Number of protein chains: 2
Amino acid sequence: MNIDDATVGPLGGPRPAQAATGTRDGAAPGGEDGGPGDAGRDDGARDDPGRGVPEATVARLPQYLRALTALAERGTETVSSEALAAAVGVGSAKLRKDLSHLGSYGTRGVGYEVGHLLRQISAHLGLTQHWNVVIIGIGNLGRSLAGYGGFASRGFGVVGLYDDSPAVVGECVNGHVVRPLSEFEVPSAGCATIAVLAVPAAVAQRVCDLLVSAGVTSILNFAPVVLHVPEGVHVRRVDLASELQILAFHEQRKAAPGRTTALVDGATLVDGGRLGSRALAGQALDGQALEAALQPSAVGTLPRAGATR
Amino acid sequence: MNIDDATVGPLGGPRPAQAATGTRDGAAPGGEDGGPGDAGRDDGARDDPGRGVPEATVARLPQYLRALTALAERGTETVSSEALAAAVGVGSAKLRKDLSHLGSYGTRGVGYEVGHLLRQISAHLGLTQHWNVVIIGIGNLGRSLAGYGGFASRGFGVVGLYDDSPAVVGECVNGHVVRPLSEFEVPSAGCATIAVLAVPAAVAQRVCDLLVSAGVTSILNFAPVVLHVPEGVHVRRVDLASELQILAFHEQRKAAPGRTTALVDGATLVDGGRLGSRALAGQALDGQALEAALQPSAVGTLPRAGATR
DNA sequence: CGATGTGAAAAGGTTCACAGCC
DNA sequence: GGCTGTGAACCTTTTCACATCG
């Protein structure tokens, strides 16, 4: 719960990296913070499908892939944009436009051949090659990630675990020995590597700097901190606290249609009357992180899935 | 790994709920899938600050809150839009416009009073009231969430645990007895409740339907499935697989500037040659889920945070 | 003077509608 | 006939530039 300078980095002391990379939306689109100057970004071929895929489209490709895989396992041969879109929960026009950015993989009057489209999207996402995953921070989170079997079978393979806590360095977690961060190095010549950051928020920025200086250019950040990285490095964040707060915002609005919700403009605080200076404030989940793991028990066979309205 | 109809719901059999709510971007903006007809959406007051806050802005409020909290703990009194924006990794203009949607909480020529702005944003996010959190699915994920202390101290309090696996029903997890889903009910008159779905993908939709029929209108979904819910219900998803795939996409593009990446248009498969029909496909992490938990060990004191470049 | 707040312009993304093709 | 692919309209979001005010 110690939110030191790592949280708000640049404000406190001097730090090298700039070009902060936000979370979801702002992660890559145009330039986020790269400066007002670099408009255009037509560095490559413009008419080449594969180039210039909108970020919003990229974010939906995994969903399409998922739905397609489900269809494939069910034995479905072809699917229309209408049906596939319904499965993913988007409009059919959006789906078609998305796919058109990758190329023309459909057949007019028929639809899309499931297997073919599946391969194409996989290829576009880079899932035809192997991806090395290194996990930094072997707490509850990192441990579960390391033990997560889904990695290996999907093209993402854990190849290294790192932590600086003496308590865990040297320990063998799921076949991998936890090594100290000082020994960190990007596996296999620096390409096709993704680092998963599962360290406390307080040290996340410093660890991130270290990774970047070692050549890492893709980071999945579980710490509730906005990492500041140089241009060319991609960061995506998974943040439970933010998600809950966003849900709270919408829920609250639904519940109180008339209320403005804001505290009375001029003065201290009204409305609920509660809320100490920073007691309830934001910054939830600092020092903690999300944890990914297998799901052994959980809901088994639902009694009756009723719920029809 | 059993992807039954829950994954692609609407395609397979008849299902009641429509209006699929996607993940991040499409979660709420205009209508996502509500139909082409409902343009306008000026149902409420239009000039009332608090109403009509853009979704993109809402998604950034938690970040602002976090940065402000850090500043407050450091004792900072005021902050400029420039400095705060830098901390969050956005442009100062964007920050000012975001805040302008909430109201005018700054002082020209000076900046923003940290404490005041912090309270205002908290109020807008609805963090002045208590939020009941129920966790469905007490596997590794749900268990960790239940034990996560950050909830209670931040306005989010776990008030119920549910699972249908006989192995865990009745078990006491962190002070709460796990109850069967059949006993599920929305706590305290159906308001201010958020359900966290931590069940396997295969049953996520059915459990979701059940929750919705019980009156839940805000769901945080950890299962790698697009949930289809009726209008008025908000769903947000946390999805490790998608995040990794999106990172892979960008990394791959960085690594191979010239390659089109797509498989040769006409035929089977080229490029790597690998990739069976659905072996590497998408659908990663099905049946699994992310897990949030305390982070006891992890990186302690970094050796030297070097990484200056 | 300096920093906010905000119209206006630009960019990005979504939806419509239909031409084109099987 | 039916469905894809896509230009065009529309909406959201970002960015610019500057009037405004402490």
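As the structure is a computational prediction, the values presented were derived from the model and not from experiment.
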Could you give the CD-to-C1' distance, from A/Gln120 to D/dT4, as a whole number of Å? 16 Å
Short side-chain N/O contact to D/dT4 OP1/OP2 from A/Ser81, under 4.0 Å: yes
Rounding to an integer number of Å, can you tell me how far A/Asp98 CG sits from C/dT15 P? 10 Å
A/Leu84 CG to D/dC3 P, in whole Å, measures 14 Å
Taking the nucleotide of DNA chain C with the closest heavy atom to each, which residue, B/Glu82 or B/Lys97, is nearer the 5' end? B/Glu82
Close side-chain approach of A/Leu127 to B/Gln245, heavy-atom, < 4.5 Å: yes
Which distance, rounded to the nearest 0.5 Å, do you find between the CG of A/Leu227 and the CZ of A/Arg236? 13.5 Å
List the residues meeting side chain to side chain donor-acceptor pair (under 3.5 Å) with A/Ser81, not counting sequence neighbours, and say none if there are none. A/Arg96
Between A/Lys94 and C/dT15, is there a contact of a side-chain N or O with OP1 or OP2 at under 4.0 Å? yes
Straight-line distance of A/Ile121 CD1 to A/Arg66 CZ, nearest 0.5 Å: 12.5 Å
Report, one pair per line, the protein and nucleotides 17-22 of chain D atoms (nitrogen or oxygen only) whose separation is under 3.5 Å.
unit_1, atom_1, unit_2, atom_2, d
D/dT20, O2, B/Arg108, NH1, 2.6

Given atom CG of A/Leu99 and atom P of D/dG5, what is their separation to the nearest angstrom? 7 Å
Phosphate oxygens OP1/OP2 of C/dA3: is one of them under 4.0 Å from a side-chain N or O of B/Tyr105? no
Whole angstrom is fine here: how far is it from CG in B/Leu95 over to C1' in D/dC16? 16 Å
Taking side chain to side chain donor-acceptor pair (under 3.5 Å) as the definition, give me every residue that meets it alongside A/Thr76, ordered by chain and number, with sequence neighbours left out. none
If you only use heavy atoms from C-beta on, which nucleotide in D/dT4, D/dT13, C/dT4 is closest to the side chain of A/Tyr112? D/dT4
Residues B/Ser242 and A/Gln63: side-chain donor-acceptor under 3.5 angstrom: yes
Tell me: CG of B/Leu61 to P of D/dT13, nearest whole Å? 13 Å
